[in-house]
Amino acid sequence: MSEYDPQALQAKWQQRWEELEPFRAGEDAADTRERRYMLDMFPYPSGDLHMGHGEVFAIGDVVARYWFQRGYNVLHPIGWDSFGLPAENAAIKRNAHPAEWTYANIETQATSFRRYGISFDWSRRLHTSDPEYYRWNQWLFNRFFERGLAYRKGGLVNWCPNDQTVLANEQVVAGKCERCGADVIRRELTQWYFKITDYAERLLKDMEQLEGGWPERVLTMQRNWIGRSEGADVLFEIEGREEPVHVYTTRPDTLFGATFFVVAVDAALADEIVTDDRREEFEAYRAEVAKLSDIERLSTDKEKTGVFLGRHAINPVNGERIPVWAADYVLSDYGHGAIMAVPAHDQRDLDFALKFGLPVKVVVHTGLADPGETGEATPGEGSLVNSGPLDGLSKAEAIAKIIEILRAEGKGDASVNFRLRDWLLSRQRFWGTPIPIIHCLDCGEVPVPDDQLPVTLPDLRGEALAPKGVSPLASATDWVNVECPKCGGRAMRDTDTMDTFVDSSWYYLRYCSPGYTDGPFDVEQVRKWGPIDQYVGGVEHAVLHLLYSRFFTKVLHDMGMVDFTEPFLRLLNQGQVINGGKAMSKSLGNGVDLGQQIDAYGVDAVRLTMVFAGPPEDDIDWADVSPAASQKFLARAFRVMDDVASEPGVSFEGGDLELRKFTHRTIDEVTKLVESHRFNVAVARLMELTSAARKAIDSGPGAADPAVREAAEALAVMLSLVAPYTAEEGWERLGRTGTTVALAGWPVAEPALLVQDSVTCVVQVAGKVRDRLEVSPSISEDELRGLALGSDKVRAYLDGEPRKVIVRAPKLVNIVP
RNA sequence: GCCCCCGUAGCCCAAUGGCAGAGGCAAACCCCUUAAAAGGGUUGACGUGCGGGUUCGAAUCCCGCCGGGGGCACCA
């Protein structure tokens with residue numbers, strides 16, 4: 001009998017794993033094992049690992065280790081998402097280079113990961129801030145550029161005043177910077193974009209492949225974000241303007257109800273058509289709107305504002321003159337930046353109409369009161385009125401008919417619109433991938449030739465990195481001033497860096513051939529390993545990383561470099577680790593340190609606590625769980641394995657039948673539970689198995705019975721998914737020396753041992769349990785009915801013939817008196 | 001405001017149409033012990049947030065509330 005000492009086990013087995021390297025992915029082309037690709041979202045090296053990492057990686061490792069046990073050839077790599085702002089901010093503060101802070105943190109995390117016992121293939125490690133990684137960002141950028149998928153345009157963009165850089169739409173959450181929480185403002189800037197909108201339809205459609213594999217809420221968030229809608233484009237003449245103006249509407253059936261016309265205040269059209277006598281008022285209004293933060297501007301309960309532009313538009317179907325207004329509730333970058341306003345059937349238009357005394361014309365009879373009276377628009381279905389040829393039609397009929405009319409007259413057509421905007425990828429910061437473009441006065445935007453990549457970062461540090469609204473790269477004049485690759489004339493490098501979400505959009509492909517020098521990845525290796533079978537990470541990337549990565553995968557597919565169209569077949573979103581009902585934070589002083597928890601309870605106890613706390617997608621409140629209790633259980637399980645008195649290899653055949661059945665039933669259940677990601681329940685089953693073995697040793701057939709060994713060995717293997725150190729030591733104590741339990745092979749439940757001799761059948765009278773019968777599992781319905789009706793206990797509740805008898809052999813009979 | 005998810009024992013959670021409790025925490029008690037710790041064991045719902053409905057049978061399905069969490073929020 002020996003003590004369970006987690007810290008000693010960690011030291012011992014960590015070293016053994018480093019010698020054995022049990023988790024290296026098989027590279028042999030002749031390897032016929034089925035392959036599996038398991039990936040955890042790679043960490044940002046912000047410091048040491050924290051509790052959140054502890055949870056994700058513990059959960060991901062259950063899946064990876066299960067696959068190892070099943071004998072698959074598993075790819076389970078690790079790397080670091082090591083470009084990004086925190087390193088830059090730290091460098092400014094310490095007058096250092098961002099790389100120093102970054103790579104020191106990476107080493108700290110790597111050491112912690114090794115101690116944490118995650119089954120990584122360390123040979124494939126990568127860091128996105130390595131030139132050998134980011135050169136391929138640049139190479140990919142060039143390919144996107146060639147295909148017209150990377151382009152530069154001017155316009156209003158999201159600007160974070162705190163981080164001093166622009167942001168993509170996806171990185172603005174409720175008007176605030178996704179990173180730092182500052183209020184985002186709008187600025188007019190020329191920036192690089194990826195044309196993700198070209199892929200909107202496919203990004204939406206291909207989600208059908210992910211149905212069932214991804215959490216429904218992530219799919220919903222992406223669908224909402226892409227925001228597909230169907231409607232019509234309608235051409236309106238504007239008096240005094242040559243060209244007609246397009247508007248997009250999802251309700252072309254209400255065209256006869258348009259009583260005014262609104263142009264986005266920041267759209268070029270508004271500036272163009274405002275009449276001279278209205279210009280002063282318009283410009284004052286535009287300046288006022290520009291001052292508002294996104295939060296204020298986009299608030300739905302804000303009162304409508306706007307100005308009349310002095311012009312009229314002509315309704316194409318009835319020739320009515322309707323006034324043209326400018327307002328900030330119409331967005332310049334959606335649809336055509338202008339709308340037809342139908343106040344009777346759109347609440348926003350109605351609010352505007354009532355504020356400015358514009359007419360309200362009902363064209364859909366919904367049976368509800370007049371919106372002009374009530375102030376409540378009636379957007380619902382009904383039959384059309386006051387609409388000439390559409391009168392009497394339903395919404396669907398009217399839409400079909402009006403599109404037909406518009407098309408015939410060349411005044412419009414059916415149209416599809418998306419809420420998704422192009423991905424703004426340039427950033428005015430230092431610690432990222434330089435955009436490989438050279439600006440030449442004569443040749444324009446010239447990509448740096450592939451054979452001159454990577455464009456490495458200039459050596460800037462400390463104060464030189466301080467944000468000043470333009471990229472720090474601009475101050476490195478030696479670096480900036482270059483010859484044009486095309487004409488040899490004087491030219492300048494682009495001084496922006498790429499959004500770090502570019503790095504993470506394809507890293508999963510790089511893992512397939514991390515040292516590859518002829519391209520971002522070896523196409524053959526990606527064919528072998530891709531796509532990812534299981535991805536694990538936080539839900540906060542629902543419309544960020546996960547959307548971008550799907551987009552990249554589709555572009556690479558179109559380039560013929562990958563043969564799949566979706567990168568992540570299954571996605572698991574783990575919850576957060578909180579403490580006392582609140583997110584852990586320094587300011588609240590309620591932080592729990594992963595390293596300290598491990599020092600106090602051991603790696604296995606911490607991992608077990610993470611996995612056992614509840615369903616993986618639920619948050620874990622560390623105040624509700626008990627790593628000390630986890631440690632107790634592990635000690636208990638260890639003692640069971642240590643107490644086994646039979647020799648390894650002994651036949652289990654003659655072992656205690658009751659325990660054998662229990663063991664095999666547990667194997668069967670745990671297998672199903674692990675496969676369906678119900679890890680907390682699987683752990684509960686292992687606790688039961690441990691108790692059953694304990695009981696067999698103490699007050700049953702004894703420690704020498706082969707069934708006890710069978711139970712203990714199954715326990716060691718199954719426990720290895722969650723508590724690898726305890727499992728290894730237990731396995732060794734079981735006499736399985738010189739090997740690792742991680743590759744021992746998943747136990748197989750023998751069907752013969754899953755069969756029950758008898759089951760308890762519940763007999764109910766009017767839904768209440770009145771008797772229990774021990775019956776054969778294969779009993780027939782008729783026989784069971786007879787037994788139930790013959791029971792004295794049952795008959796006491798019956799007078800006369802029952803009205804109905806429901807038999808669900810072999811478990812239940814319900815008698816309706 | 002709209003949409004989605006969730007409410008089971010003091011707490012974390014099982015049970016997905018068939019006996020409300022698998023597992024854990026906490027609590028109480030018992031065994032072991034000179035004692036304590038460690039270890040082993042025993043004990044818990046009068047009904048699943050509330051009110052209706054469907055069904056032979058509902059935690060589970062449907063409707064309406066209440067409470068919690070999340071997403072979207074001028075996208076025409």
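Every heavy atom of this structure was used, including side-chain atoms; hydrogens, water molecules and symmetry mates were not. Note on naming: letters A, B, ... go to the chains in the order of the sequence lines (proteins, then strands), and numbering restarts at 1 for each one.
Looking at heavy-atom distances under 4.0 Å, Asp624(A) makes contact with sugar-phosphate atoms alone, never a base. Looking at heavy-atom distances under 4.0 Å, Val762(A) makes contact with a base. In this structure, Ser630(A) reaches neither bases nor backbone, as no heavy-atom distance under 4.0 Å exists between it and the strands shown. Within the nucleic acid shown, Arg808(A) comes within 4.0 Å of at least one base atom, counting heavy atoms only. Residue-level contact check: Lys632(A) touches the backbone only, with heavy atoms under 4.0 Å from sugar-phosphate atoms and none from bases. If you check every strand for non-hydrogen atoms under 4.0 Å, Lys811(A) touches nothing. Note on Thr249(A): only backbone sugar-phosphate atoms sit closer than 4.0 angstrom, heavy atoms only; bases stay farther off. Residue contacts for Val330(A): at a heavy-atom cut-off of 4.0 Å it reaches a base atom on one of the strands shown.
Sparse packing is recorded around NZ of Lys195(A), with 12 or fewer heavy atoms of other residues, nucleotides or ligands lying under 6.0 Å away.
Distance noted for atom C1' between C56(B) and G64(B): 26 Å (whole Å). Rounded to whole Å, the P atom of G49(B) lies 6 Å from the corresponding atom of U8(B).
Applying the 4.0 Å criterion to OP1 and OP2 of G23(B), one finds that Ser691(A) has every side-chain N and O outside that range. Contact annotation: Arg419(A) side-chain N/O to A73(B) OP1/OP2 distance is under 4.0 Å. In this model, the phosphate group of A76(B) is approached by a side-chain N or O of Tyr334(A) to a distance below 4.0 Å at OP1 or OP2. In terms of phosphate contacts, Asn680(A) brings a side-chain nitrogen or oxygen within less than 4.0 Å of OP1 or OP2 of A14(B). Contact check, Arg636(A) against A38(B): no side-chain N or O comes under 4.0 Å of OP1 or OP2.
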